[in-house]
Amino acid sequence: MRILWLICTACLMHVGVAQKIYVGAKAGGHASSAFIEHTIFNTTMNTTFLPGVNGGVFVRYLPKAGDSFLNSGIQLGVNYVQKGWKQIFLDIENLPAYTARMNYLEIPLEGIGYFGGKNKYFISAGLHLEFLISTDLDSEPVEDNLISDFYTYESSR
């Protein structure tokens, strides 16, 4: 615990002498899907896109720019992301589509390189930690004459 406090204090002291700290928000929409295939057996599935949202906050630390062409910084954030897929059953007309939606908390830690004069261009690379916080799964189809393959998220895996 003492080491954690020491690291946090050192980071805060380093940020205290920083030249530029930016705090921002990001949000948007996207579409996600699942590619479910078996390496040996053929699968009969028709998955399609499911719309979702994402949003979060980030902190970007850029130290004083040097004389070099490429300068560097660091960015840390927290994001909420919805992912999932929709499966359409083609063999039964009245069977509704199955929807699986999963909500994640992402924590990206990225190193940033930036260059340019008046207009800055950024390049980032880093790690993303991702935690599943909740799932919203439709009830599984129970049709006896279901020809399509069916796979869903299983929490025991």
Side-chain angles (χ1 to χ4, degrees), residues 1 3-4 7-8 11-12 14-15 18 20-63 70-116 119-157:
M1 188 65 170
I3 294 174
L4 179 65
I7 291 171
C8 290
C11 288
L12 288 175
H14 184 64
V15 168
K20 297 201 179 199
I21 296 177
Y22 299 96
V23 178
K26 60 182 178 178
H30 66 271
S32 62
S33 184
F35 179 72
I36 300 174
E37 283 291 327
H38 197 280
T39 56
I40 298 173
F41 306 109
N42 290 332
T43 56
T44 308
M45 292 187 74
N46 185 17
T47 58
T48 184
F49 292 101
L50 183 66
V53 297
N54 58 52
V57 296
F58 66 90
V59 176
R60 181 178 293 162
Y61 164 64
L62 303 174
L70 181 66
N71 299 300
S72 63
I74 191 167
Q75 179 172 305
L76 176 68
V78 176
N79 302 322
Y80 168 77
V81 181
Q82 287 181 336
K83 297 180 182 181
W85 72 92
K86 183 186 287 188
Q87 180 177 356
I88 299 172
F89 301 99
L90 299 175
D91 47 353
I92 301 173
E93 293 180 12
N94 60 356
L95 189 62
Y98 176 81
T99 303
R101 185 180 304 274
M102 294 173 258
N103 302 312
Y104 288 89
L105 181 69
E106 288 183 349
I107 303 172
L109 176 60
E110 301 169 317
I112 300 174
Y114 64 98
F115 59 92
N119 296 323
K120 300 257 187 276
Y121 300 98
F122 292 89
I123 300 169
S124 66
L127 303 172
H128 284 247
L129 299 174
E130 191 172 78
F131 302 98
L132 179 65
I133 54 177
S134 67
T135 58
D136 182 22
L137 307 173
D138 287 350
S139 58
E140 297 182 10
V142 291
E143 298 290 328
D144 293 334
N145 56 353
L146 187 64
I147 298 170
S148 295
D149 293 328
F150 177 74
Y151 300 102
T152 187
Y153 169 76
E154 294 181 21
S155 61
S156 61
R157 288 189 202 173

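Because the structure is a prediction, the values reported are computed rather than measured. One is the number of the first residue; the rest follow in order along the sequence.
- Rounded to the nearest 0.5 Å, atoms OH (Y61) and OH (Y22) are 12.5 Å apart.
- Note that CG of N79 and OH of Y104 are 14.5 Å apart. Values are rounded to the nearest 0.5 Å.
- Expressed to the nearest 0.5 Å, how far CZ of F122 lies from CD1 of I112 amounts to 6.5 Å.
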Query raised in the report: So N103 and V81, side-chain contact (heavy atoms from CB on, under 4.5 Å) or not? Walk me through it.
Result: CA-CA 6 Å; N103 302 312; V81 181; over 6 Å; no
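- D138 places a side-chain N or O within donor-acceptor distance of the main-chain N or O of T99, the cut-off being under 3.5 Å.
- Looking at residues two or more places apart in sequence or on another chain, you find a salt bridge (Lys or Arg N to Asp or Glu O under 4.0 Å) between K83 and E106, E130.
- Around the CG atom of L129, the shell of radius 6.0 Å holds more than 12 heavy atoms that belong to other residues, nucleotides or ligands.
- In this structure a side-chain-to-backbone donor-acceptor pair under 3.5 Å is missing from S124 to G111.
- Although no hydrogens or angles enter the test, the distance criterion places a donor-acceptor pair under 3.5 Å between the side chain of R101 and the main chain of P51.
- Between the side chains of Y80 and N54, no donor-acceptor pair is found at a separation under 3.5 Å.
- Taking CG of L109 as the reference point, atom CD of Q75 lies at 9.5 Å (rounded to 0.5 Å).
- Listed for the E110 side chain is no donor-acceptor partner under 3.5 Å among the backbone atoms of A125.
- A pairwise comparison of heavy atoms in S33 and F49 identifies CB-CD2, 3.7 Å as the closest pair.
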